[in-house]
Amino acid sequence: MTTRILIKNGRLIDPVNKVDQVTDVLIEGDRVAQLGSIGTCDAHIINAAGKIVSPGLIDLHVHFRQPGDEEEETIASGSAAAVAGGFTSVVCMPNTSPAVDEATAVEFVHRMGRQARKTYIYVMGAITKDRKGKELAEIGLMSQAGAIGFTDDGCGVQDAGTMLRAMKYVSMFDRVISQHCQDDTLAGRGVMNSGFCATKLGLPGIDPLAEEMMLWRDVQLVRKCRCRYHAQHVSTAGSIKIIREAKEMGLPVSCEVAPHHLLLTDEMVCNYDTNYKVNPPLRTKADIEILQQAIKDGVIDALATDHAPHLMSEKELEFLAAPFGIASLECALPLYIKALIEPGIIDWPQMLAMLTYRPAHVLNVEKGRLGVGDRADVTVIDPTAEWTIDTAKFASKSRNCPYHGWTVKGKVTTTIVAGEIRYSAV
Amino acid sequence: MDTKFQWRHKHLIGLAELSRQEIEFILDTAKGFEEFSTRSVKKAPALRGKVIVNMFFEDSTRTRNSFTLAANRLNADVIEFTKTSSSVNKGETLIDTAKNLEAMGVDIVVIRHSAGGAPKLLSRSINACVVNAGDGYHEHPTQALLDAYTIRKIKGSLDGLTIGIVGDIAHSRVARSNIYAMTKLGAKVILVGPPTLMPAGISQLGVQVSHNLDEVLEELDVINMLRIQFERLGGNMFPSVREYSHFFGLTVDRMKRARKDILVMHPGPINRGVEIESEVADGPNSVILQQVSNGLAVRMAVLFLVNQGTAITS
């Protein structure tokens, strides 16, 4: 007897199918069996009155630190954090120790994800061996092992020739190539956005050009070889301009934005609080406005947290010495609501699009939709619930989160992955 | 001096957060301590029983010895800490180092560190007073205070003066603290240096920026020369010593065109022949050694005041 779940009276928002209405959703096994007004039936009932029912949320960019840094996070703890945040699929980055630069590492991450049995784990393989930016990694074998795309994230591929070869090679396997755009010769030893705040604090700055220069270069390479390209965590007005032009040229370029680049500015570093140390760094209000407009215009394809867990002992150092990163997987949704819905920049269908079918499209996977027959990945959200972010309650192992203590609106109440309830709010 | 004014700060992290009144109060307090040096018994028991640690993670001649002497003159006990001979080499973090010293009963930590923000981090993590002796490129408050003191002593006041700061402003904590002190005390500040050594947005602090020393030289009442750290910059931001000296060095020739009563200052150590010619450093307009002398009284004042600040804030 297959398990059934009946989600009653929720506002089903399925952006790709242009659905936005109050309806019931019946799940049988791991598939959506029926939509519409469904009477009583033998099923686990979820009362979704007043709630939003969305295709399961997808985060294109997380760091689960396994193998190598399991004290910061494991695939198990990260997966638990993901479903608590409403994410039914996440994409793990390869900058682990050792890096995910060959097939067995890809298989390992997938296996740990299955064992955790929470969120669905995708993994991106490294573009170059050990992410050193020199020799191509075994992209073919990793693709066969299931790697969903390739990136040297943590770093950008510095050498244009290497990047061009990588793009051609990756496109042979029809995968997306993703870039952490950072020209190291322009970034230098910077630890925060270059500008007046860095000057006042006496900290070396990262020029926005460091991001923009590599992004611009990569777009020229894409013009030549037409491979699918995804710009990670874009953070500057200049980057947005480059993305807009690339899309106008019809190039297969996509991009993502992180919540901290929509909510925080470099001014918040004023007390040398390392919870605000992140790469790319927090920028300015002017950059936030350009990002918001780009989201409104549909230029940004996805919202992605770049969840980067670190131990408090690692972060409790001088600003220069502390590692970069913000952990926000579990509180991401209310942050997006705060950044985009509350100020009226976009509406729920537009926001959920950037968390469902549009990131799925970047990965070229059949997810992020809730039509009959689709995989039953569902996130149920109470859009009005007010709560206070408390890192002590995080399922994640790490607490490096500048949003601790924030009062926010919007809470995930149920997360269903392949027809199984993997998270239920108490 | 307003006798009702009470010093309320337990730490001295920077001058950015101090008011004109507070800065003048430190200078006035220093004046009181300066008179000590002329007595035969140069000590005052103000900090007797207090323990001060000089936590220096970077090299120093002037600042360190000045703080040691200042502490001794106030009858405090001084612990000397050097990075190279400490457990930092065994991987001990800054906070752990400080907490361990504090557990031994330290009242004031004087810290110099290569990371901007280190004193601020300490002040959040330990109970002792924290005095910043220079953190990264951020601030060096006691240097700026003794610079202001020196100018005030000779010129009477900084109001209306035009002060030039020349050199690697981008990497200079002295420059930043000087900017705060001097603008708050009523001076006009002109920064001079190549664009590669000028930090982003610095004019937002209310200063003028020039890349041509000869253009602004004649309007300066005071010129503060900063050391160029070629060992750090090496060819990346400036091609050579020769080129730097030619365009930004304080030479005997330039002194001929400067005001007759211009004060020549330098935080030290000086690179003779690079940013300043020997004859100028040793010449009649130079107050470089007076800066050092004044540093003692200023640091006595700072230690005295932060100790008072603890009593009030606790």
Side-chain angles (χ1 to χ4, degrees), chain A residues 183-212 236 238 265-277 281-287 310-324 400 402 404, chain B residues 13-17 57 88 91-99 111-126 132 134-141 169-177 179-180 191 196-207 209 232-233 236-237:
Chain A
D183 180 322
D184 290 337
T185 62
L186 287 166
R189 294 173 305 118
V191 295
M192 66 175 288
N193 187 35
S194 171
F196 183 51
C197 291
T199 291
K200 269 197 300 185
L201 293 169
L203 293 173
I206 301 174
D207 198 304
L209 265 180
E211 175 178 307
E212 293 155 10
T236 78
T265 64
D266 56 359
E267 286 173 2
M268 293 167 183
V269 181
C270 59
N271 268 323
Y272 299 97
D273 184 344
T274 56
N275 280 316
Y276 297 98
K277 181 172 179 180
L282 304 178
R283 305 285 186 185
T284 66
K285 247 194 159 88
D287 293 301
H310 287 291
L311 297 174
M312 286 324 288
S313 59
E314 293 174 303
K315 279 283 200 175
E316 249 162 21
L317 297 175
E318 313 84 85
F319 204 89
L320 280 183
F324 292 97
N400 53 312
H404 176 72
Chain B
I13 308 287
L15 300 182
E17 51 262 31
F57 290 85
V88 168
E92 193 170 32
T93 66
L94 173 63
I95 294 181
D96 278 338
T97 305
K99 282 191 168 164
I111 173 172
R112 168 172 285 191
H113 199 285
S114 58
K120 185 96 201 191
L121 176 63
L122 263 198
S123 70
R124 284 200 290 264
S125 320
I126 62 177
N132 182 8
D135 64 328
Y137 313 145
H138 177 230
E139 285 222 45
H140 190 353
I169 311 289
H171 302 104
S172 174
R173 49 191 175 221
V174 170
R176 281 166 180 77
S177 291
I179 289 170
Y180 295 125
L191 305 177
T196 46
L197 294 177
M198 207 52 81
I202 194 77
S203 54
Q204 288 180 58
L205 290 180
V207 299
V209 173
R232 195 203 303 226
L233 307 176
N236 273 327
M237 309 206 189

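Each chain gets a letter, A, B and so on, in the order the sequences are listed, and its residues count up from 1.
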Interatomic spacing from [atom1] in [X] to [atom2] in [Y] - rounded to 0.5 Å:
| X | Y | atom1 | atom2 | result |
| --- | --- | --- | --- | --- |
| A:Tyr272 | B:Asp135 | OH | CG | 5.5 Å |
| B:Leu94 | A:Leu317 | CG | CG | 8.5 Å |
| B:Leu121 | A:Asp273 | CG | CG | 10.0 Å |
| A:Glu318 | B:Ile95 | CD | CD1 | 8.0 Å |
| A:Cys270 | B:Lys120 | SG | NZ | 8.0 Å |

Atom of [X], atom of [Y] and distance for their closest heavy-atom approach:
| X | Y | value |
| --- | --- | --- |
| B:Arg176 | A:Gly202 | NE-CA, 4.1 Å |
| A:Pro204 | B:Tyr137 | CD-CE1, 4.3 Å |
| B:Pro199 | A:Thr199 | CB-OG1, 3.5 Å |

Check step by step if side-chain contact (heavy atoms from CB on, under 4.5 Å) holds for B:Tyr180 and A:Lys200.
CA-CA 11 Å; B:Tyr180 295 125; A:Lys200 269 197 300 185; 3.7 Å; yes

Measuring heavy-atom distances to chain B, does A:Asp207 have an atom under 4.5 Å in its side chain, in its backbone, in both, or in neither?
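Neither the backbone nor the side chain of A:Asp207 comes within 4.5 Å of chain B.
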
Please classify the contact between B:Ser114 and chain A as side chain, backbone, both or neither, with a heavy-atom cut-off of under 4.5 Å.
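Backbone of B:Ser114 only, per the 4.5 Å heavy-atom cut-off to chain A.
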
In terms of heavy-atom proximity below 4.5 Å to chain A, should B:Leu122 be classed as side chain, backbone, both, or neither?
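Interface part for B:Leu122: neither.
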
When B:Gly201, B:Ala200, B:Ala16 are compared by non-hydrogen pairs under 4.5 Å with chain A, the top option
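Among B:Gly201, B:Ala200, B:Ala16, the one with the most close pairs to chain A is B:Ala200.
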
